[in-house]
Q: 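Once you've had a glance at the structure underneath, I'll fire off some questions.
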Amino acid sequence: MNRKNRRFLDLLRTKYFYLRISFIVAFVLCIAFGLASRRFAESLPLFVSLHAGDALWAMMIYFGFRFLLVEKPFYPAIGCAVLFSFGIELSQLYQADWLNALRSTVLGSLVLGHGFFWVDLFRYAAGIAAGVFFERILLTRLIR
């Protein structure tokens, strides 16, 4: 491999490395803000306390898929995040004893939720859209 091609590949690897770091930071921030929206719900405006947690959860899922699919365009991550989020919400229609026992744990509650609500699908879509917006506006400007 000649020197010019090697430098180009090194530049691509560096860009993807920084993008992965950015997506991990965004992932962790979504967790922190999502937990804070639940913990301090009484201090937040009603609209924010009702909708922010689910939207941030879906945004976290989107950033997780972007971390895994960093070398691909953002469309596959959108599709995966929508399928995952909607799948988790639809799984709440199934109420088996073993699954409800899993949902009664802290981690199971955070990942699987408890009850099916149609409005959650809109919250998830808004969270994923916000994640795409933040990526396109903020992260692309930071990486340049």
Side-chain angles (χ1 to χ4, degrees), residues 1-41 43-45 47-94 96 98-144:
M1 183 180 294
N2 66 26
R3 177 176 269 186
K4 185 177 179 182
N5 288 344
R6 183 174 299 255
R7 286 169 61 192
F8 178 72
L9 287 175
D10 289 342
L11 177 67
L12 281 179
R13 287 187 190 113
T14 303
K15 176 184 173 184
Y16 291 137
F17 173 77
Y18 287 119
L19 276 173
R20 283 188 194 274
I21 295 296
S22 300
F23 290 132
I24 284 294
V25 168
F27 185 90
V28 171
L29 285 174
C30 285
I31 292 172
F33 288 137
L35 291 174
S37 75
R38 301 290 190 201
R39 173 77 170 99
F40 304 109
S43 303
L44 296 171
F47 182 83
V48 174
S49 67
L50 287 176
H51 304 295
D54 290 328
L56 285 164
W57 182 84
M59 190 185 305
M60 176 202 66
I61 298 300
Y62 171 74
F63 286 132
F65 280 114
R66 281 303 287 145
F67 173 81
L68 296 173
L69 305 171
V70 70
E71 296 181 13
K72 305 235 183 261
F74 61 91
Y75 300 112
I78 293 172
C80 290
V82 166
L83 287 173
F84 185 86
S85 300
F86 283 33
I88 291 292
E89 188 65 26
L90 291 172
S91 77
Q92 294 171 10
L93 293 170
Y94 182 64
W98 67 272
L99 194 52
N100 288 335
L102 186 61
R103 287 183 180 125
S104 68
T105 65
V106 173
L107 185 59
S109 174
L110 290 172
V111 175
L112 299 174
H114 289 283
F116 176 81
F117 298 107
W118 282 103
V119 71
D120 285 350
L121 301 177
F122 295 105
R123 294 172 183 156
Y124 297 157
I128 293 167
V132 172
F133 173 77
F134 286 135
E135 176 190 355
R136 303 310 296 165
I137 299 301
L138 298 176
L139 290 182
T140 52
R141 291 185 183 186
L142 290 174
I143 297 301
R144 284 185 192 166

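Atoms considered below: every heavy atom in the structure, side chains included; atoms not considered: hydrogens, waters and symmetry mates.
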Q: With heavy-atom distances below 4.5 Å as the criterion, would you say the side chains of S91 and R103 are in contact?
A: yes
Q: Which value, rounded to the nearest 0.5 Å, describes the distance between L44 atom CG and L50 atom CG?
A: 10.5 Å
Q: Just so I know, are the side chains of M59 and F134 near enough to count as touching, which here means a heavy-atom distance under 4.5 Å?
A: yes
Q: For F23 and V70, which heavy atoms make the closest approach, and how far apart are they?
A: CE1-CG2, 3.9 Å
Q: Between atom CG of L69 and atom OH of Y75, what is the distance when rounded to the nearest 0.5 Å?
A: 15.0 Å
Q: Indicate the atoms forming the closest heavy-atom contact of S85 with W57, along with that distance.
A: OG-CZ3, 3.6 Å
Q: Taking atom CZ of F33 as the centre, report whether more than 12 heavy atoms of other residues, nucleotides or ligands fall under 6.0 Å from it.
A: no
Q: How far does CG of L35 sit from CZ of F40, to the nearest 0.5 angstrom?
A: 10.5 Å
Q: Apply side-chain contact (heavy atoms from CB on, under 4.5 Å) to the pair D54 and Y124, showing each step before the final yes or no.
A: CA-CA 6 Å; D54 290 328; Y124 297 157; 3.8 Å; yes
Q: Heavy-atom count around F116 CZ within 6.0 Å, excluding the residue itself: above 12?
A: yes
Q: Find the distance between OG (S37) and NE2 (H51) and round it off to the nearest 0.5 Å.
A: 12.0 Å
Q: In Å and rounded to the nearest 0.5 Å, what is the CZ to CZ distance from F27 to F65?
A: 10.0 Å
Q: About how many Å separate CD1 of I128 and CZ of F86, when rounded to the nearest 0.5 Å?
A: 6.5 Å
Q: For F117 and E89, which heavy atoms make the closest approach, and how far apart are they?
A: N-OE2, 2.9 Å
Q: Between P73 and P76, what is the shortest heavy-atom contact and its length?
A: O-CD, 3.0 Å
